[in-house]
Amino acid sequence: MASTGHGGDHGRGGRTGSRRRPSPAIYRRRRLVVILLALLVVAALAVGGAALAGALGRGQDTAAGDPPAPVGTPSADPTPSAGPTASATTAPAGPTATPTPSRTPTPGATPSPSASATSSSAADACDPGTVVVEAETDRQEYGPDDMVVLTLVVRNTGDTACSVNVGTSQMEFLVTSGDERVFSSIDCQQASQDLEHTIEAGADERARFEWGRNRSMPGCTPADEKPGAGEYALTTKLGVRDSSPVEFTLR
């Protein structure tokens with residue numbers, strides 16, 4: 001019985017003693033794997049550091065650079081200045097086209113020299129007997145919402161060109177109803193000027209005035225009452241010359 005027990009102990013001991021240690025080649029391979037892993041980690045850290053440094057450098061360059069230039073904006077459209085809008089044209093004597101009114105009513109009329117007008121120094125003053133002043137309206141009847149356009153015509157009936165003062169210092173548009181004075185363009189005129197024009201023989205100069213269907217008083221005294229429906233007459237004046245009255249109707 002005892003000999004059997006000793007035999008079993010010898011068997012276990014023999015198996016334990018038979019375990020082998022790894023060979024030197026395996027140790028070398030393991031060291032190589034560890035070294036390669038360490039190199040990969042170092043390389044990854046180096047690449048990451050370089051990328052971070054580049055990003056920081058770009059951020060500093062952007063912060064230190066010049067700010068973007070502002071986008072230019074177009075300048076505002078010039079605002080039309082308030083003022084007289086009457087126009088002057090030169091045309092042969094005889095029937096003329098219907099006047100085209102300007103859009104803004106104004107207290108005075110200022111004729112502008114036409115393209116065909118010549119310098120006043122090139123001609124002598126007109127003989128008063130050769131200058132005719134006429135009045136015109138663009139319609140004979142006006143509805144409640146229609147703008148009334150009044151026209152002063154200065155015509156040279158002489159045989160030669162001559163100079164005449166067609167400035168607002170000489171002009172007047174006068175609206176009457178029977179014997180009643182309703183409106184005059186000079187009542188509220190703030191400033192006037194002289195304007196010498198040379199008018200060719202048989203030609204004319206025209207000044208247009210948009211009447212806002214209001215009453216006026218000398219000295220620009222306020223007049224609240226507006227002209228009602230009825231018959232009216234326009235008389236135009238240039239210096240000492242008066243036109244014949246031209247009748248029109250307000251509805």
Side-chain angles (χ1 to χ4, degrees), residues 78-89 96-114 128 131-155 164-197 199 204-251:
T79 303
S81 58
T85 58
S87 62
T89 59
T96 57
T98 302
T100 302
S102 55
R103 305 304 304 167
T104 306
T106 56
T110 303
S112 300
S114 62
V131 177
V132 175
V133 177
E134 298 175 356
E136 293 179 358
T137 59
D138 62 329
R139 300 184 189 181
Q140 291 185 342
E141 293 188 3
Y142 297 90
D145 298 325
D146 294 335
M147 178 65 70
V148 182
V149 181
L150 314 177
T151 302
L152 183 154
V153 183
V154 185
R155 179 169 289 115
V164 61
N165 187 347
V166 294
T168 52
S169 61
Q170 306 296 311
M171 283 186 191
E172 182 181 7
F173 295 81
L174 177 65
V175 178
T176 57
S177 179
D179 295 333
E180 180 186 7
R181 183 183 187 275
V182 177
F183 173 84
S184 172
S185 61
I186 65 175
D187 286 342
C188 295
Q189 185 171 276
Q190 296 180 351
S192 63
Q193 62 180 357
D194 292 329
L195 188 62
E196 291 289 337
H197 266 324
I199 306 178
D204 59 42
E205 292 286 335
R206 293 170 179 265
R208 295 175 177 84
F209 180 87
E210 290 186 350
W211 179 40
R213 301 172 75 147
N214 59 302
R215 289 183 181 272
S216 70
M217 301 286 289
C220 205
T221 303
D224 295 332
E225 182 183 0
K226 286 188 172 294
E231 302 294 327
Y232 293 85
L234 166 67
T235 301
T236 58
K237 300 182 180 183
L238 188 71
V240 297
R241 307 173 185 89
D242 294 355
S243 72
S244 299
V246 173
E247 295 183 353
F248 61 95
T249 304
L250 298 183
R251 298 297 182 188

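The figures here come from the full heavy-atom set of this structure, side chains too, leaving out hydrogens, waters and symmetry mates. Sequence positions, counted from 1, serve as the residue numbers for this chain. Every value quoted in this text rests on a predicted model; they were computed, and no experiment measured them.
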Atom pair OG1 (T176) and CD (E247), whose distance is rounded to the nearest 0.5 Å: 9.0 Å
E172 to S185 - nearest heavy-atom pair and separation: CA-OG, 3.5 Å
Inter-residue atom distance Q170.CD - L238.CG, 0.5 Å rounding: 6.0 Å
Sub-4.5 Å side-chain heavy-atom contact between R155 and R206: yes
Donor-acceptor contact present, side-chain S177 to main-chain E231, <3.5 Å: yes
Criterion side-chain contact (heavy atoms from CB on, under 4.5 Å) on E136 and V246, from CA distance to verdict: CA-CA 7 Å; E136 293 179 358; V246 173; over 6 Å; no
Under 3.5 Å: donor-acceptor pair, side chain of N165, backbone of L195: yes
Pairwise side-chain contact, K237 with V133, heavy-atom cut-off 4.5 Å (strictly under): no
D138 side chain near T151 side chain, heavy-atom distance below 4.5 Å: no
CD/Q140: more than 12 non-hydrogen atoms of other groups inside 6.0 Å: no
Working for side-chain contact (heavy atoms from CB on, under 4.5 Å), residues R208 and L150: CA-CA 6 Å; R208 295 175 177 84; L150 314 177; over 6 Å; no
Test item: S192 side-chain N/O and T168 main-chain N/O as donor-acceptor pair under 3.5 Å: no
Contact summary for S216 and R181, nearest pair of heavy atoms: O-NH1, 3.9 Å
Step-by-step side-chain contact (heavy atoms from CB on, under 4.5 Å) determination, R241 to V164: CA-CA 12 Å; R241 307 173 185 89; V164 61; 4.3 Å; yes
Pairwise side-chain contact, F209 with L152, heavy-atom cut-off 4.5 Å (strictly under): no
Aromatic contact, Y142 with Y232 (centres under 6.0 Å): no
Which atom of R213 lies closest to which atom of P144, heavy atoms considered: NH1-O, 3.5 Å
Any donor-acceptor N/O pair, T236 side chain to S243 backbone, under 3.5 Å: no
Non-hydrogen side-chain atoms of L234 and V148 separated by less than 4.5 Å: no
Test side-chain contact (heavy atoms from CB on, under 4.5 Å) applied to V182 and W211, step by step: CA-CA 11 Å; V182 177; W211 179 40; 4.2 Å; yes
Close side-chain approach of D187 and C220, heavy atoms under 4.5 Å: no
